[in-house]
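Reading through the C-alpha cells given below for one structure.
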Amino acid sequence: MGVPAHRGADADMAKFAGRFIQSRIEGFTKDVRICLTPIHAKGRKGVTHAYFPALGSCFGTLEYLAGLYHGNLRGLGAQHLARWAQRYLPKPDYDDEIIRVLFDGFRHPVAHRGIASGVWVDQRPGPTHGSRLTWKVLADSRRPACRVVAEPRELRRDPPWPCRYTHRVHIHLGALAADISQGAIRYSQEVTSDDDLRAKFTHCMEQMYPA
C-alpha cells in the first residue's frame, strides 16, 4: 500500500514510521518514569507509586504497537499482542500464556476500572480452567517482568469475606516498560526496511488520520 498522492508522492514513509514510533516510545518512557517516581505513602511508612496508571500505559502501548504491526488498530485481542511479543519481546519471558493472562486478567479491568482488584477466575477451557489469580504489582526491574506463581491462599484484608486464590501474578513494572521500549525500537528499525510492515503501518495511519 503506497502513500496517497494527496499527501505527497515523494513522502518518505520509512523515515516517518521510524520517527513516529520512536517519538511514541519517548512519550511512553516519560509517562512511566513519572508514574514510578516514589511518593510518600499516606497512612503508612515508606513510599508508593502510581502502579496502575503505569500498567495501563504499558498495556495501551503494547496494544498500539501490536495494532501497527497487524495493520489494524481495531478489534485487537490477546492473539495480536502475542504475535508482536513473539517477535519483539524477550523469550521465553513472554509466551502466549503470559500475554493471555495479562490481556484477559489485567488489561480489561485496568482499562475499565483503573485497577485490577480482587481475584480473577480463569474461565478458559483447558488445564488452567478455574484457576483463581490475584496480583502483586511492583515498581522494580526484576526479571522476568511477569510471572504466575502457584500460591494457594486466601485474601482476608481487602475483601468483605475470605476469598480463595490459587495463583499470584507478579508484575515488575520497570522491567515490563523497558522490555516494551526495547521491543519497540527493534520494531521501528524493521518497519523502515520491511515493505509489508510499512504497508500495515501506513494503513493504520490512514485509520488515525483519514482523508
Side-chain angles (χ1 to χ4, degrees), residues 24-67 76-78 81-82 84-85 88-90 93-122 128 131-185:
R24 179 65 198 95
I25 294 308
E26 288 173 4
F28 164 67
T29 302
K30 178 260 299 177
D31 291 346
V32 171
R33 184 170 62 247
I34 292 171
C35 289
L36 298 187
T37 299
I39 62 171
H40 291 293
K42 185 178 180 180
R44 61 180 175 84
K45 293 181 179 180
V47 299
T48 189
H49 308 81
Y51 299 104
F52 285 100
L55 186 56
S57 186
C58 287
F59 289 147
T61 301
L62 183 57
E63 193 167 336
Y64 194 9
L65 292 165
L76 298 172
L81 275 66
W84 192 88
Y88 298 107
L89 294 184
D93 294 4
Y94 297 90
D95 58 21
D96 289 359
E97 184 63 10
I98 280 290
I99 295 297
R100 185 188 70 83
V101 167
L102 288 175
F103 192 82
D104 291 348
F106 291 86
R107 181 268 183 196
H108 296 328
V110 170
H112 296 293
R113 300 196 295 272
I115 187 171
S117 58
V119 172
W120 173 59
V121 181
D122 188 355
T128 61
S131 295
R132 301 169 63 90
L133 294 89
T134 190
W135 49 265
K136 186 174 185 180
V137 181
L138 306 104
D140 62 35
S141 296
R142 184 177 177 181
R143 296 182 184 280
C146 307
R147 60 195 177 102
V148 179
V149 179
E151 186 183 301
R153 297 181 185 175
E154 286 184 341
L155 292 178
R156 289 182 173 271
R157 186 182 67 180
D158 296 323
W161 44 72
C163 187
R164 180 178 59 87
Y165 65 92
T166 61
H167 296 77
R168 187 183 293 273
V169 182
H170 294 244
I171 302 175
H172 302 273
L173 291 167
L176 177 59
D179 289 343
I180 293 171
S181 296
Q182 291 164 12
I185 291 171

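Note that the structure is a prediction, hence the values are computed from the model and not measured.
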Completion exercise
Distance col, row I25:CD1 vs Y64:OH, nearest 0.5 angstrom, shows 10.0 Å
Practice task
Indicate the atoms forming the closest heavy-atom contact of L133 with S131, along with that distance.
Solution key: CD1-O, 3.7 Å
Practice task
Quick one: do V101 and W120 satisfy side chain to side chain contact (heavy atoms under 4.5 Å, CB included)? Show the steps, please.
Solution key: CA-CA 10 Å; V101 167; W120 173 59; 4.2 Å; yes
Handout entry: Least distance between heavy atoms, Y94 atom then A145 atom
Key = OH-CB, 3.2 Å
Exercise for the section: Report yes if the side chains of C146 and H170 come closer than 4.5 Å at any heavy-atom pair, otherwise no. Expected result: no
Handout entry: Shortest non-hydrogen contact from A54 toward L173
Key = CB-CD1, 4.0 Å
Exercise for the section: Please round to the nearest 0.5 Å and tell me the distance separating atom CG of L76 and atom CG of L65. Expected result: 11.0 Å
Problem - Sequence-distant partners of F52, ring pair (Phe, Tyr, Trp, His ring centres under 6.0 Å), two or more places apart - result: W135
Problem - Identified side chain to side chain donor-acceptor pair (under 3.5 Å) partner of E151 from the options R168, H167, K136 - result: R168
Practice task
Please round to the nearest 0.5 Å and tell me the distance separating atom CD of E97 and atom CG of L102.
Solution key: 10.0 Å
Problem - Side chain proximity check, H172 to D179, heavy atoms < 4.5 angstrom - result: no
Exercise for the section: With the side chain counted from C-beta on, respond yes when R33 and T29 share a heavy-atom pair under 4.5 Å apart, and no when they do not. Expected result: yes
Problem - Side chain proximity check, I171 to F106, heavy atoms < 4.5 angstrom - result: yes
Problem - Pair R100-D122, side chain to side chain contact (heavy atoms under 4.5 Å, CB included): steps then yes or no - result: CA-CA 10 Å; R100 185 188 70 83; D122 188 355; 2.6 Å; yes
Completion exercise
Value for CZ (R156) from CZ (R164), rounded to nearest 0.5 Å, stands at 13.0 Å
Handout entry: Where A177 and V32 come nearest, the two heavy atoms and their spacing
Key = CB-CG1, 3.8 Å
Exercise for the section: Give the minimum heavy-atom separation between C163 and P159, together with the two atoms involved. Expected result: CB-CG, 4.2 Å
Fill in the blank from the handout: Residue pairs meeting salt bridge (charged side-chain N to carboxylate O under 4.0 Å, His left out), one or both in residues 41-59, sequence neighbours left out, come to none
Exercise for the section: Can you sort out the partners of Y165 under ring pair (Phe, Tyr, Trp, His ring centres under 6.0 Å), two or more places apart, ordered by chain and number? Expected result: none
Completion exercise
When rounded to the nearest 0.5 Å, the distance separating CG of D140 from NE2 of H49 is 9.0 Å
Handout entry: I185 vs Y88, side chain to side chain contact (heavy atoms under 4.5 Å, CB included): CA-CA, chis, key distance, verdict
Key = CA-CA 9 Å; I185 291 171; Y88 298 107; over 6 Å; no
Problem - From CD1 (I180) to SG (C58), nearest 0.5 Å - result: 4.5 Å
Completion exercise
Smallest heavy-atom separation, I98 atom then D95 atom, equals N-OD1, 2.8 Å
Problem - Side-chain donor or acceptor of T134 paired with backbone N/O of V119 under 3.5 Å - result: no
Problem - Donor-acceptor pair, side chain of S57 and main chain of P53, under 3.5 angstrom - result: no
